[in-house]
Amino acid sequence: MIEALASAESPARRVMRRLDEFARFSDEERALTRLYLSNAHRDAAKQFIAWCAESGLNAKIDASGNVWARYEGAKPGAPALMLGSHIDTVRNAGRYDGNLGALAALAVVEALTATRERLDHAVEIVAFGDEEGVRFPTTLTGSRALAGLFVRAALDQKDADGVTMRDALVAFGCDPEGVGALRGRNIASFVELHIEQGPVLESENLAVGVVTAINGATRLHARVIGLAGHSGAVPMGLRRDALAAAAEMMLLIEARARIEDDLVGTVGRVDVEPGAVNVIPGEVRFTVDIRAPRDEQRRRAVSDISKRLSAIAATRRVELVLTQTHDAGAYTCHPSVISALQASVERVSKAPARLLPSGAGHDTMVMGQLCPAGMLFVRCKGGISHNPEESVTIEDVEVGLATLIDFTRHFQANPKRSG
Ligand SMILES: [Zn+2]
């Protein structure tokens with residue numbers, strides 16, 4: 001190998017190094033937790049802007065806390081291909097979910113600036129501030145704002161410390177009143193590179209795959225109210241045990257989800273009160289997350305589960321308060337983006353592209369309301385995500401970047417073919 005090449009940092013290595021550096025921006029000492037509009041988010045946004053500046057890109061933070069930059073096309077004002085993902089994380093996260101896609105977007109522009117290559121279209125990159133929805137009871141704030149779908153009422157939502165999103169935005173240096181007016185203009189397509197978060201690519205020994213659709217999701221919050229009492233003094237027949245009732249409800253949710261392919265149902269959080277060894281639980285609160293690639297399938301399951309939980313509550317003489325906290329329809333990736341990504345995968349990998357649905361929600365499904373959108377998945381170890389064990393190889397990142405760069409170079413903002 002030529003010496004100069006051997007010593008230069010490859011784009012994939014640079015992305016991996018930056019991901020390691022980025023992982024330091026955390027709200028917690030010993031784990032990666034980067035919540036929307038937190039200090040760690042601000043530091044990460046500043047670092048992203050600094051990396052953009054290295055290749056002459058003038059990145060800015062928009063009214064909702066997204067970092068955004070534009071690499072102009074051959075003609076100023078050309079329609080843009082937008083690339084990006086999110087830089088917020090769950091608690092105790094891995095370093096690749098979201099962050100890999102944001103840094104890959106920057107790497108694509110760096111590949112172009114390195115040779116001063118101008119395309120017919122512009123390339124815009126974005127690092128969304130809130131995809132995970134951990135801090136406030138909403139998700140996808142950044143992409144919603146950019147897609148013109150931000151709901152003003154979200155500004156009044158509070159985090160666990162009682163801070164409203166409005167105040168958090170102001171503290172971050174953003175203008176809450178400007179979020180509603182952010183809608184992206186002249187964006188021809190949006191494409192997000194993301195780790196798969198599932199085991200399919202690994203099981204088939206593939207570096208990348210093209211996403212066909214993103215599951216819709218409904219989240220419920222259940223509150224089961226029974227009657228607390230002495231564990232020794234209240235006979236079994238006279239109890240209104242909130243936890244035993246909740247347990248039956250959870251098994252019902254699992255059983256209902258199991259009977260249909262592609263449908264998944266999860267109870268991920270349970271709080272029991274008073275939570276003592278010698279007290280019959282008086283109140284239980286738990287979350288329900290139901291997802292499916294087809295909306296009508298998901299709606300049927302949600303309605304079914306709601307009815308059956310009420311029946312369990314009635315039989316067990318406990319009160320059930322079921323509240324829907326989130327509802328997002330399934331998104332079918334745009335056929336033009338799917339086929340263009342497919343062609344890029346085939347050019348780069350010299351093998352047929354694997355098409356697969358996404359079980360997890362992504363910014364892409366929101367951006368798809370604004371413009372044609374799609375996703376490229378990169379294999380992750382064991383399909384593990386939302387976990388510090390999250391892992392990708394530099395070889396797979398290299399394939400992912402090469403595919404995204406190829407896609408960007410071949411992208412046509414106004415495809416001549418109609419239909
Ligand atoms: Zn993500």
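Ligands are counted one by one from 1 in listed order, and the atoms in each one are counted from 1 as well. All residue numbers in this chain count up from 1 along the given sequence.
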Query raised in the report: Under 2.8 Å from the Zn ion (ligand 1), which protein N/O/S atoms are there?
Result: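 N, O, S partners closer than 2.8 Å: His86 NE2, Asp97 OD1, His194 NE2.
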
Query raised in the report: Hey, what's the ring geometry for Phe22 with Trp51, parallel, tilted or perpendicular (30° and 60° as the breaks)?
Result: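 Plane angle between 30° and 60°, so tilted.
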
Requested in this report: Decide whether a cation-pi geometry holds between Arg118 and Tyr71; the criteria are a distance under 6.0 Å from NZ or CZ to the six-membered ring centre and an angle within 45° of the ring axis.
Outcome: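 Yes.
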
Requested in this report: For Thr164 and Asp156, test the side chains for any donor-to-acceptor distance below 3.5 angstrom and give the result as yes or no.
Outcome: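 Short answer, no.
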
Query - Partner of Arg354 under salt bridge (Lys or Arg N to Asp or Glu O under 4.0 Å), chosen from Glu202, Glu196, Glu204 - result: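 With Arg354 as partner, salt bridge (Lys or Arg N to Asp or Glu O under 4.0 Å) holds for just one option, Glu204.
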
Requested in this report: Write down the atom of Val399, the atom of Ser349, and the distance for their closest heavy-atom approach.
Outcome: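 Closest approach of Val399 to Ser349: CG1-OG, 3.9 Å.
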
**Report entry** NZ/NE/NH1/NH2 to OD/OE distance under 4.0 Å, Glu273 and Arg285
**Finding:**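 Salt bridge flag = yes for Arg285 with Glu273.
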
